[in-house]
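Heads up: the structure comes next, in structure tokens.
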Amino acid sequence: MIRDALEIAKKDLLIEVRSKVLLNQLLPFVAVVLILFGFAVGTENRTLVDISPGIFWVIAFLSALLAIQRSFSIEAENQAKDGLLAYGLEPGGIFLGKVASIFFECIVVEVFLGLGVVFVYGMRLNSVALLVVSAAFATLGVASVGTLFGALAAATKVRETLLPLLVLPSTAPVLLAVTKAWEDGISSRIGIGDPWLGLLVVFGLIYLAIGLVSFGSVLED
Amino acid sequence: MIRDALEIAKKDLLIEVRSKVLLNQLLPFVAVVLILFGFAVGTENRTLVDISPGIFWVIAFLSALLAIQRSFSIEAENQAKDGLLAYGLEPGGIFLGKVASIFFECIVVEVFLGLGVVFVYGMRLNSVALLVVSAAFATLGVASVGTLFGALAAATKVRETLLPLLVLPSTAPVLLAVTKAWEDGISSRIGIGDPWLGLLVVFGLIYLAIGLVSFGSVLED
Amino acid sequence: MKNGKFWVGLLAVVALIGVALTYWLGLFVTPPDVIQGQLVRLLYIHPSVAWVAYLAYGVTSVGSILYLWKRTRSLKWDRLAAASAEVGVVFTALTLITGSIWGRPTWHVWWTWDARLTTTALLFLLYLGYLALRKVPAPRDKVAVRASVAGLVAFIDVPIVHQSVVWWKTLHQSATVFNASLSPKVHGEMAWTMLVSFISFTLVYLWMTIKRYQIETNIDEFDNLEVEAAIAERLQEVDELVNSKTSSGTRDADPRDGGSIS
Amino acid sequence: MVRDAVVMLGHYPVLISVNFDAFEGEVVYLYGPNGSGKTTLLRLIAGYLSAAKGQAMVFGLDAKADRRAIRQYVGYLGHQAHLYDDLTAEENIRFAQRATRSMEGDPLEIAKDLGLSPKTMGLKVHKLSAGQRKRVSMAIATMRNPQLLLLDEPHAALDEQGKDLVDQLMRRYASSGRTVIVASHEVERVKAASDRGYLCDRGVLIGPEVNPAKGAPRVAPQLGGAGEVDGLSP
Amino acid sequence: MVRDAVVMLGHYPVLISVNFDAFEGEVVYLYGPNGSGKTTLLRLIAGYLSAAKGQAMVFGLDAKADRRAIRQYVGYLGHQAHLYDDLTAEENIRFAQRATRSMEGDPLEIAKDLGLSPKTMGLKVHKLSAGQRKRVSMAIATMRNPQLLLLDEPHAALDEQGKDLVDQLMRRYASSGRTVIVASHEVERVKAASDRGYLCDRGVLIGPEVNPAKGAPRVAPQLGGAGEVDGLSP
Ligand code: HEM
Ligand SMILES: Nc1ncnc2c1ncn2[C@@H]1O[C@H](COP(=O)(O)OP(=O)(O)OP(=O)(O)O)[C@@H](O)[C@H]1O
Ligand SMILES: Nc1ncnc2c1ncn2[C@@H]1O[C@H](COP(=O)(O)OP(=O)(O)OP(=O)(O)O)[C@@H](O)[C@H]1O
Ligand SMILES: [Mg+2]
Ligand SMILES: [Mg+2]
């Protein structure tokens, strides 16, 4: 299973390297949204810092959505998904591979976004450990749910619009939790022992488990 | 040209009726985001009303983006675009037809969204004429730019991510202007003579004109 | 050709002298401002840099229009648009940087969500998007068409940036130099220094754009050479192929002679 | 008419120094190994691609510059069916009919001639079998009775009866003074139905070969350049 | 083995009461008009679809329930090439090789056998010609030397030499004790290369017809049910 996962992840990242979607398009997209939000929230610099975790994560989730969409549009063209099935790869492996590549792409975006938030919005980082770990688990959760629903939506002919509808509400708790954890991390109220982080870990693992178990049925549908 | 436009618009709307993307997916998506925002901004009802024009338009623009994406993924499958060209339709007509169908879909979403904002957020409408006219021109602007860039991005293999990158920054001024116009319309500071509305009209028409003129070159590329 | 090189060289020299002059005038000759103190010296860089960015994008959109217009369609316009946009992006970045540097002491922040600042940042991104679009691989003429359309649409942000101070009534300095009556509200040696700085930065722009244009031309030429080489190579293969077909007696098969029958 | 044309895809000259002619009232075939450039040549003539060197002319007009004018008289059937998956076969045909302003004829009639039952016509296109799709595309490509019909492997995916239909169609076009250019791997079949043909091999056209059964008289106009009607060729 | 199977697509029974057998060491063909259900039958056997009535068994396993186990031994070549457009032909093959754990063999070698030059292998798949894609898919479908090879119109889009290659391949599979089921419109060609065949007409299978040249001895096991090897059939 791990081997299958590695193959899938490697292939997806190779396609990414070839088509450079992330580099050429996703990062500028992130920058645009960052600026729009900044402008919308307005001139009081105080507020901006306060709500920057929220903005960070809304943007991060939106770009995760794009990454997921892209990941499954790769499989949709020429019905490559049928190919994956025909190869007899383990569904669990396909799932993990997709999660891994999406996770990796999201992390790249988040690092970039983080730099933006720190330098442009002037966000301070106090408990870096908390920020990093909670970000990792939140991303894991989103990537898992996204992969699961991405496969579901990809089977239909309307994935562009079905996917956000499925992914956004089911990741809303993760979004809220990670925002809270980041607020704590910034104000350094609590360190790595933050209960929000615990919640994120639980979410991330549950979503991962659900995906692993049910991905087979989804793929074959 | 007008005839061609009508054919295209009719066809797009027929496909919409058949596949029910708008009805089944876009509207729930809008509802979800509306609720998420409400949640994120919090319980103070005052702020919510103040920033509701901003929220309204950010959501409206995001769903316009989805509608545009869908409109061109219709053409992309089976390379139907080559078909359109082969039929010898006038590019201007194709452009107008696409703009019309996207415009219509966006208006449906906006009406729905408007009801949501009024009933859920408790937004008051003072100068309805200003609100409606400015919304129409803002939507026209977005639909025009979106159609133009949609065709541009559709030709590349990375449309899912290229499209938002191109459309968001170039419609950002429209977004800002229509938000201002709506703020005025709500507070009823000024009626239909609002300078922001003038700006929107200018934008809408300029974008429409650029699209009409350059769509031919884009389609053939 | 040689002559062209000379003029470009001369341009570089003049531009350099202009910049040096601006430097000297700005730092040593003009007095500090009553309100702003030494900070006012940024006045000799920041507005002219912003102006050059506008100019660059203006040239890009003219190039784009000329390319899109069928009767003047020529890749040279596209190259000009590309070269100018690239220089424009550099100058927009400089505007942002010098503005930030100025903002730190005057507004006490590096960045704020003022309308002009925001629209300038959008401008920067729009043209980054333009450059990204150029990088999407496609045949040369298709790249040109796509880029021209994007370049044209992007330019709409320029008047918005300019007008933003008026429309949004913001923190940022409103038009002191490019106001409607075109009568600068600064006087004396300050005005002179600003004029020198405008001229010399414009010359710098010209020089950079010409250079960049030449590079674009070289790249296109190089591509053409590659094409020629590929064609020549293929022609050779084809000759062999044709010879083998002819000897096997299919028929008269010089591909150049497709029109006749044996 | 194609003269000394070189077509580049990327940095590779896929067609090299190609000369090709087709005249009114004839069926011209292209055959040759996979990847030799047949599709590329058809797309060049249809104006989807342009020649890096040399020229391509259709009806005396430049294939690239005047492609919009040319397209009114050209029908193109590609490897892929240009259909909307979410519409039924009938709706696809109706749309094409209105878009091309070729209002005559009931779509159901047209389709019946191509062996599509009304039941099939009522199905969304993505449910159709490969052969049924091909027939729908065929209906659309021939809708306007184009002066020039470009067929890229029309026989693929069709059953025996469907292939015969294509052959009949080609002959009917030729006999009514129009032109058909067809690329196909069913060499015997296509040779029997055609007047002249070219072998396409690694980007080079070799030919024309003339069909001894019917081709001989047709060739005349080509040499003189006088026998050509209506400027289909130089 | 398919027994009394009915396959519904939507509300329409595309296959109706179909009985079908294939044994080890034989090539079985399917032919019949467009839209008669050949692709549907192949997809049923491959486990992409399930039977509403009756049953489909492969290697003695239920085609739907145990499809994952079955797929390890099945190669499927559909109408469409399941390839990644942004990867080169070589990368596609390499990925399939690793994914299916069939490490033996250099992709370039495999491809050469299928008539793909190294230059072609280095191109992104979306640039390839129709026939070249087909060959790449073919390489992938046969990669694992599957016990059961399902081919849906393998000849379409291929040139003469490619078609011969497919025929040879089918014969080689049969003679090494494996099974090939092929749907094709090139009836003569496929009949010559096969042992037995079914005519598929409007969802009904008629047959088997036995190839007099080679088929006769093969039929026995089917009647008795005893001669079948290794549980490929009931
Ligand atoms: C990152 C921050 C800033 C950005 C992006 C920015 C951008 C610009 C732009 C685009 C222009 C050209 C306007 C036009 O003529 O249309 C401009 C002009 C100008 N800026 Fe800034 N600016 C920034 C910060 C500042 C600061 C902090 C000051 C001084 C307190 C300042 C003073 C000026 C002045 C005096 C002009 C010339 C005004 C005119 O003649 O129109 N800017 N700036
Ligand atoms: N960018 C590129 N660089 C190099 N070669 C290319 C490029 N794009 C396409 N090719 C090659 O050009 C040829 C295109 O051929 P084309 O599609 O016209 O073939 P065809 O004769 O229609 O073949 P088929 O019978 O398989 O349909 C292929 O050999 C393909 O590999
Ligand atoms: N939902 C549906 N309702 C009714 N009929 C359907 C539905 N979906 C598919 N069909 C029909 O089922 C048949 C599917 O046939 P299939 O694709 O198996 O044909 P085939 O024998 O492979 O044909 P071809 O030779 O053209 O590839 C077609 O006739 C199609 O019209
Ligand atoms: Mg081809
Ligand atoms: Mg089939």
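By convention in this document, chain letters (A, B, ...) are assigned in the order of the sequence lines, proteins followed by strands, and residues within each chain are numbered from 1. Remember, predicted model here, so these are calculated numbers, not experimental data.
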- Show the numbers, then the answer: is there a side-chain contact (heavy atoms from CB on, under 4.5 Å) between I210(B) and F155(C)? CA-CA 12 Å; I210(B) 293 185; F155(C) 186 71; over 6 Å; no
Nearest 0.5 Å please: distance from the [atom1] atom of [X] over to the [atom2] atom of [Y].
| X | Y | atom1 | atom2 | value |
| --- | --- | --- | --- | --- |
| F203(B) | I156(C) | CZ | CD1 | 7.0 Å |
| T118(C) | L176(B) | OG1 | CG | 8.0 Å |
| L148(B) | L152(C) | CG | CG | 9.0 Å |

- Among the listed options L168(B), V145(B), L199(B), the residue most often paired with chain C at heavy-atom distances under 4.5 Å: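 Option with the top pair count is L199(B).
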- Message: Out of D157(C), V153(C), L125(C), L68(C), return the one with the most heavy atom pairs under 4.5 angstrom to chain B.
- Response: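 Heavy-atom pair counts peak at V153(C).
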- Can you tell which part of A154(C) gets under 4.5 Å to a heavy atom of chain B, answering side chain, backbone, both or neither? neither
- Enclosure of W207(C) CH2 (heavy-atom neighbours >12, cutoff 6.0 Å):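 No, the 6.0 Å shell around CH2 holds no more than 12 heavy atoms from other groups.
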- E228(C) atom CD: more than 12 heavy-atom contacts under 6.0 Å: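 Result for CD/E228(C): enclosed.
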- Item | Under 4.5 Å from any heavy atom of chain C - which part of F215(B) | neither
- Message: Minimum heavy-atom separation for L126(C) and S170(B), please, with both atom names.
- Response: CD2-N, 3.8 Å
